[in-house]
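Atoms considered below: every heavy atom in the structure, side chains included; atoms not considered: hydrogens, waters and symmetry mates.
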Amino acid sequence: MIIRQFLTWTQHTSAARRAEAAGALARAYLYGGLGDDMAWEAEAALLALLDDPSSLVRRALAEACAGCASTPRTLIVALAGDQAEIAAIVLARSPVLGDADLVDGVAIGCLTVRLAIAGRPNLSAAVAGALAEIGEARALVALARNRGARITTGSLMRMVERHGDVAALREAILARPDLPLEVRQCVTTHLAASLSAFAVASGWLTPARSERASREAQERATLAFSADAHPVDLARLVAHLKANGQLNAGLLLRAILSGQMAFAEAALADLAGLPVRRVAGLMQDAPAAAFAALHRRAGLPSVLLPAFTAALSAWREAGQGLIAHAGAGLSRLMIERALTACEAMPFAEAQGVMALLTRFEAEAARDEARVLARELSAEAAQAEAQRLQNEILDGEWREAQRLVAQAAEAEPVLAIVQGLEVVETPQAVQAPPVAEAPREADVAEVLEDAEATLRVDTALQSDDGASPVPEAAPEMPTDEVVRTDPVGQILDGLSDAILAEFQGSRAQVRAVMSVEVVLDAIPEALIASYRDDRARLAA
């Protein structure tokens, strides 16, 4: 009953509301756990919504059902045949669709559909093969970048054959792990052809020179990525080169002069129809006549036999050391031996071989120069880095010496200051600040009052006869009075010069602080009594 009301409601509402309701109904049917009767009605309603004139409704259905494995197959197949934008949603990720459905989508779909299929996870080899046969360049790039796609060697070769001139496709194929050697060589061939065509179109090289440069670069690349390859992979690469007419005498001579004996053995074995082990024995230990027979059986030009024989002789004498070349670098020693062997041949026969060997020699010299230049550049960079490091360390050392010198200059001053503090504050007596003006006035007043009072008291005592001046000291001035009490002795010890220096100059810090220490030792009661006596005498 609810589903019927839903269908009736969808006939009188907007497309946006219908799309929202269609998505909700699809999710309720797939994940809501409806009963059997209601589920049957919901499935019928979903199939009926496929006829909705608005693409928004069908798109909402595709988005709700694309990732569910329990979606009715009839619904998914119908959505896969809808508009490209709607079909791409289910073709990209629906687990309900099989290989036949996907191949059919590749065959009748457009670029959008093929891009969606090419990006599916765990794409089968059959679907990848269908894409390789009829897919556009963009679809093939997406397929090559899909690490979950199982692409056979034949499909990869077909992709390169159809769109090998597209740089993005070449990069995507070369980036795939475990790429077969024949596929890599095919990509290299198309790259060399593209570069050759560009050089000719730009007017940099003539067609003949560009073709030669392209062929030699391709041969170098082939030997470079075939180094240390498995014998089975080498056999497949040699078969591919032979089928495409690229397994020639020049490539074989380059392989021997580069020390790539494994490739040369596989190539000669394929051309001569002999086992690789027997060919390897003939190249290593057999006499010249035996190798000449192998040379003839492989169908190689007889004019190249002296060069092959001389190069192999130099290789045997050098042992395994010649094999340890970086990449496909040519050996100048073997080339010189081959050139020497060809000098005795007639000029008409040796002209082509000598020209080829001369180009090989120039290439080997340039390779050695490149290696030397890289080593010198690396050494220069290392020396520059060491120089900068030494400058930094030297600057840090000079800064450390400067800081140590400054610290050494500051130590005597610190010791003097610390010594002054010890002398000027005996018995841990805290001296008051020197710069306080009221303190200086109080000190001067107290000193004047104390001295006047003591002189008056001394005079009164002399008049009363209580403390007569001793006659045994006539040499002392009459105005000087000898103090017998401790306070009087301390005050008599303060000369007028000290008082004048204290009152007139604040710069004499040590003298002022000494006077202050003495005054601090006088009890306040005694100072107060001096002031009372002065007031009494003044009255």
Side-chain angles (χ1 to χ4, degrees), residues 2-36 38-124 126-128 130-131 134-136 138-143 145-146 148-149:
I2 298 177
I3 304 301
R4 297 172 185 175
Q5 293 177 357
F6 169 78
L7 293 175
T8 304
W9 172 78
T10 56
Q11 298 177 2
H12 305 285
T13 186
S14 63
R17 296 291 301 277
R18 295 200 307 273
E20 183 179 358
L25 178 62
R27 287 187 291 272
Y29 170 75
L30 296 173
Y31 311 106
L34 301 178
D36 294 339
M38 187 171 292
W40 181 83
E41 293 183 2
E43 181 179 352
L46 292 175
L47 293 174
L49 289 174
L50 293 173
D51 297 329
D52 195 287
S54 176
S55 61
L56 295 176
V57 178
R58 303 194 301 276
R59 184 182 183 91
L61 287 176
E63 291 176 350
C65 301
C68 184
S70 60
T71 305
R73 176 175 171 78
T74 54
L75 180 61
I76 291 295
V77 172
L79 291 173
D82 209 314
Q83 296 178 359
E85 291 76 10
I86 299 173
I89 297 174
V90 295
L91 288 171
R93 52 194 178 96
S94 177
V96 178
L97 297 174
D99 288 348
D101 301 319
L102 297 176
V103 170
D104 184 67
V106 170
I108 66 174
C110 60
L111 176 61
T112 303
V113 171
R114 294 189 182 110
L115 284 173
I117 296 175
R120 281 178 64 95
N122 301 321
L123 194 66
S124 65
V127 182
L131 283 169
I134 62 177
E136 297 84 355
R138 288 181 55 191
L140 297 184
V141 171
L143 176 63
R145 291 175 177 173
N146 185 0

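Counting heavy atoms from C-beta outward, Ser94 and Thr71 have side chains that stay 4.5 Å or more apart. Counting heavy atoms from C-beta on, the side chains of Val90 and Glu63 never come closer than 4.5 Å. A 4.5 Å side-chain heavy-atom check between Arg138 and Leu115 finds at least one atom pair inside the cut-off. Using a 4.5 Å heavy-atom threshold, the side chains of Glu136 and Arg114 count as touching. Side-chain contact between Val77 and Val96 is absent, with no heavy-atom pair separated by less than 4.5 Å. The shortest distance between side-chain heavy atoms of Gln83 and Arg59 does not fall below 4.5 Å. Here the side chains of Cys65 and Tyr29 are not in contact, with every heavy-atom distance at 4.5 Å or above.
The CG atom of Asp99 sits 12.5 Å away from the CG atom of Asp104 when rounded to the nearest 0.5 Å. A distance of 9.5 Å separates OG1 in Thr74 from CG in Leu46, rounded to the nearest 0.5 Å.
Shortest non-hydrogen contact noted between Ala60 and Ala19 is CB-O, 3.4 Å. Between Ala45 and Leu25, the closest heavy-atom pair is CB-CD2, 3.8 Å. Residue Ala15 comes nearest to Leu56 through the heavy atom pair CB-CD1, 4.5 Å, listed as atom of the first residue, atom of the second, then distance. Closest non-hydrogen pair, Ile89 versus Ala62, comes out as CG2-O, 3.9 Å. Taking each heavy atom of Cys68 and Tyr31 in turn, the nearest pair found is CB-OH, 3.4 Å. Nearest heavy-atom pair across Ala149 and Leu143 is CB-CD1, 3.9 Å.
Although no hydrogens or angles enter the test, the distance criterion places a donor-acceptor pair under 3.5 Å between the side chain of Asp101 and the main chain of Gly98. In this structure, the side chain of Asp82 does not engage the main chain of Ala87 through any donor-acceptor pair within 3.5 Å. Using a distance-only test at 3.5 Å, with no hydrogens or angles considered, no donor-acceptor pair links the side chain of Arg58 to the main chain of Leu79.
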Using the side-chain contact (heavy atoms from CB on, under 4.5 Å) rule, take Val103 and Ile117 through it: C-alpha gap first, then chi angles, then the decisive distance, then the call.
-> CA-CA 9 Å; Val103 170; Ile117 296 175; over 6 Å; no

